[in-house]
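Structure record follows, encoded as C-alpha cells.
Both ligands and their constituent atoms are indexed starting at 1 by order of listing.
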Amino acid sequence: MTQTEDLINVSAIEILITMVPLMMVAWVSSIMGLGIASPILVGTIRAFVQLSILGFILDPIFVWGVDLWWLVLGYCGLMILLASYESSVRSKYYLDGQFWMVLLPMAATIVCVGAFAFCIVLKPDPVWDPQYVIPIVGMLLGNCINGVSLALNSILNSLVESSREIELLLSFGANSYEATSRLFRDAVRTGAMPQLNGMAIIGIISIPGMMTGQILGGTSVMQAARYQILITYFIALCSFGTTIMETYLTLQVCFDSRTILRTDLLRKRDAKPTFLALLRSLCKKIGSYCQRKKQLSSRCGLPSDESTRLLPSGSLCVSTWGRSGSAPILSVEKLSYGFETQSDDEAPGVTAKIDSDTANFRTLFENVSFQLYPGSTTLVSGPSGVGKSSLLRIVAGLTKADADKVVLSGVSQINYTNMPLYRKKCRYVPQTKVDIPGTPYDFMAKITSFKSWKSDICGTSPTHSEIINASRELLRSWGMNSSLLDSEWKSLSGGESQRILVAISLASLPHGGVILLDESTSALDLESKLKVERSVQDYCTKESIAAVWISHDTGQQDRMKHK
Ligand SMILES: Nc1ncnc2c1ncn2[C@@H]1O[C@H](COP(=O)(O)OP(=O)(O)OP(=O)(O)O)[C@@H](O)[C@H]1O
C-alpha cells in the first residue's frame with residue numbers, strides 16, 4: 001500500500017458534520033451573551049472558505065510552479081503583502097505608512113531566512129520547489145503576524161502613554177533610542193513572547209501541525225521531528241528579526257531629525273480598516289500630497305493666509321529680572337506658534353487626517369521676544385491655555401516650531417545638530433507628575449549613562465556624584481529627608497516628586513545653563529514654596545543659571561517681581 005492510500009481521506013460532508021458542534025458552541029455563547037457568537041461563526045466560515053480556496057489555488061501552483069519560478073515567487077509575494085497588512089492593522093494607534101513599516105522588515109527577513117533555508121540548509125530541487133517553499137513561507141509568515149502585531153501595538157501604546165517619560169529623558173540629554181530603550185525592550189519582549197512560549201513547550205505539551213501532518217503523511221517520526229526543529233528555528237529567526245526591525249523602524253519614524261517626539265503623528269484607530277480602504281486612502285494621499293505637505297510645514301509657524309487665524313484667548317506675558325551686563329545665555333526673537341485644528345472628526349479607519357477645505361489654524365502666540373541672562377529670573381504668566389507650556393517646550397527643543405528664533409549661547413537651535421547636547425544645557429521641568437520607573441537614585445544613574453553625558457569632552461556637566469551631592473543639599477535646604485532619593489518615584493507624593501525633580505534638574509545643569517520650570521511649585525504649601533523659590537534663586541545666581549518660571553500664583557509672581 002502507498003503512503004497516500006494509508007491516509008484517511010476527509011470528505012466535505014465530514015467537514016460539515018464537524019462544523020455542527022462549533023455552531024452549537026456559538027449558539028450557547030449567544031444565549032449566555034458572551035459576545036463571541038458572531039466571531040465563532042465568522043471564524044468557522046472563514047476557515048472553511050479560505051482553506052478551500054487555498055486548496056484550489058495551490059493545486060495548480062504546485063504542479064506548474066516546479067517549472068515556473070516566478071509563479072512561486074509571486075505567490076510568496078502576495079502572502080507577504082497580506083501578512084504585512086494583517087499585522088499592521090491590529091494596533092490601537094496607527095501611523096501614516098504603517099503598512100510599509102511592517103512590509104519592509106517582513107519582506108527583508110523572509111527573503112534572508114528563505115535564502116538561508118532553501119539555498120543552504122534544505123536545498124530542494126529545484127530550489128523554488130513550491131511543495132517546500134510555499135508551506136514553509138506560509139508558516140514563517142503566520143508566526144510573524146502574531147509577534148509583529150503585538151510588538152507594534154505595544155510600542156505605539158507606549159509612545160502615547162509614556163510620552164511624558166520619554167520627553168523627560170530627552171530633557172536630560174537622552175537621544176531617541178535612550179529615551180525609548182525601556183519601551184523598545186518591552187515591545188520586543190511582548191512580540192517575542194508567543195514564539196518563546198511556543199519554543200518552551202514544543203515537543204513536551206504541543207506537537208506542531210506540520211509535524212503531525214508529516215507523520216500522518218507517512219514520514220518517520222524522527223524525520224518529522226528533525227524537520228520541525230529546523231522549521232522552529234526558521235520561524236524564530238523570522239519572528240524575532242521582523243519584530244525587532246519593525247519596532248525600531250516605528251520608533252525612528254516617531255522622532256523627527258531634531259529628536260522631537262512626534263506623538264501628533266499617532267492616531268487612534270476607531271475600527272479595523274479594510275484592505276480596500278487602505279488602498280483608497282493611499283491613492284487619496286498621493287493625490288493630495290503637495291497640498292498636504294504645504295499644510296504640514298505650516299504647523300510650526302503661522303499660515304500665510306490671515307483669514308484662517310484664530311486669535312489667542314488671552315495674552316502671554318514674559319517678564320525678566322536680574323539682567324546683568326553680560327551677554328544673554330538664551331534669546332528668543334519674534335517667536336510665533338500655532339497649530340492646525342480639525343473641525344471635522346476623523347472618519348473611522350484609515351482616513352486622510354488633513355483636508356485642505358476643513359483645516360483651521362489656531363495661533364497661540366505671536367512675536368514673543370525675550371532674553372535670559374546668567375543668574376536672572378524670568379516669569380511667564382497668562383491665562384490657562386494661552387501657550388505658556390508650549391513656549392517653554394519650544395525653547396527646550398521638545399516641540400516643533402521655528403527653531404531659528406531660539407538662540408542658545410550664540411547658536412541658533414536650528415543649527416544644533418546634536419539636540420541632546422542642547423537639552424542638557426536647557427532643561428525643561430514638566431508641570432505634571434511623570435511616572436518614572438525606579439527611584440531618583442536610579443534616575444540619576446540613568447541620565448549620566450546617556451551618550452551625551454559620556455561624550456562631554458569639555459567636562460562642563462556635573463558628574464554623577466556631584467549631582468547626587470547637590471541634589472541632597474537642595475533637598476536638605478527644603479527641609480526634606482535625602483533618603484527620599486532612595487524611594488520609588490511612584491510612592492512619592494506630588495509635592496515630594498516635584499521638588500526632587502527640580503533638585504535633580506538643577507543639580508545636573510552645567511554652569512551657565514537654563515532651567516525652565518513649568519509650575520514646579522504648584523503642589524506645595526506656602527512655606528515649602530518660599531524655601532524652594534529662595535534656594536533655586538540662590539543656586540541659579542551661584543551657578544550663573546537662568547531660571548524661567550511659569551506661575552499662576554499671584555503671590556509667587558509678586559515675590560519674584562520684588563526680589
Ligand atoms: N501641536 C499642538 N496641536 C494641538 N494642540 C496644541 C498643540 N500645541 C498646543 N496645543 C494646545 O494649545 C493649548 C495651550 O497649551 P499650553 O499647555 O501651552 O497652555 P498653558 O498656557 O501652559 O496652559 P496651563 O496654564 O493650563 O498649563 C492647549 O489646549 C494645548 O492642547
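Looking at Val160 and Lys92, their side chains never come closer than 4.5 Å, going by heavy atoms from C-beta outward. Between Pro430 and Asp518, the closest side-chain pair of non-hydrogen atoms is not below 4.5 Å.
On a distance-only criterion, Glu340 and ligand 1 share no N/O pair closer than 3.5 Å. For ligand 1, the polar-atom distance check against Gly385 finds a nitrogen or oxygen pair separated by under 3.5 Å.
Within a 4.0 Å radius of atom 7 (C) of ligand 1, the protein has at least one heavy atom. Within a 4.0 Å radius of atom 30 (C) of ligand 1, the protein contributes no heavy atom.
Heavy-atom separations between Leu364 and ligand 1 include at least one value shorter than 4.0 Å. At least one heavy atom of His552 lies less than 4.0 angstrom from ligand 1. Look at Lys400 and you'll find every heavy atom at least 4.0 Å from all atoms of ligand 1.
In terms of protein heavy atoms, atom 17 (O) of ligand 1 is closest to Ser389 CB, 3.5 Å. Of the protein's non-hydrogen atoms, Phe339 CZ, 3.5 Å is the one closest to atom 11 (C) of ligand 1. Scanning all protein heavy atoms for the shortest distance to atom 16 (P) of ligand 1 gives Ser390 OG, 3.7 Å. With respect to atom 26 (O) of ligand 1, the closest heavy atom belonging to the protein is Ser384 OG, 3.1 Å.
Proximity to Gln431 (heavy-atom distance under 4.0 Å) selects the following atoms of ligand 1: 27 (O). Close approach of ligand 1 to Lys388 (heavy-atom distance below 4.0 Å) involves ligand atoms 18 (O), 19 (O), 20 (P), 21 (O), 22 (O), 23 (O), 24 (P), 25 (O). Heavy-atom proximity to Glu519, at under 4.0 Å, picks out these atoms of ligand 1: 25 (O), 27 (O).
Residues Arg262 and Asp264 are paired through a salt bridge, judged by an N-O separation under 4.0 Å between the basic side chain and the carboxylate. In summary, Arg182 and Asp186 engage in a salt bridge, as defined by a charged side-chain N under 4.0 Å from a carboxylate O. Residues Arg267 and Asp96 are paired through a salt bridge, judged by an N-O separation under 4.0 Å between the basic side chain and the carboxylate.
Not less than 6.0 angstrom separates the ring centroid of Phe172 from the ring centroid of Phe450.
For Phe370, the CZ atom sits in a packed shell: over 12 heavy atoms of surrounding residues, nucleotides or ligands are nearer than 6.0 Å.
Figure legend: cation-pi geometry between Lys446 and Phe443 absent, as NZ or CZ is not positioned both under 6.0 Å from the six-membered ring centre and within 45° of its axis.
The proximity of Phe365 to ligand 1, defined as any non-hydrogen pair under 4.0 Å, does not occur for either the backbone or the side chain.
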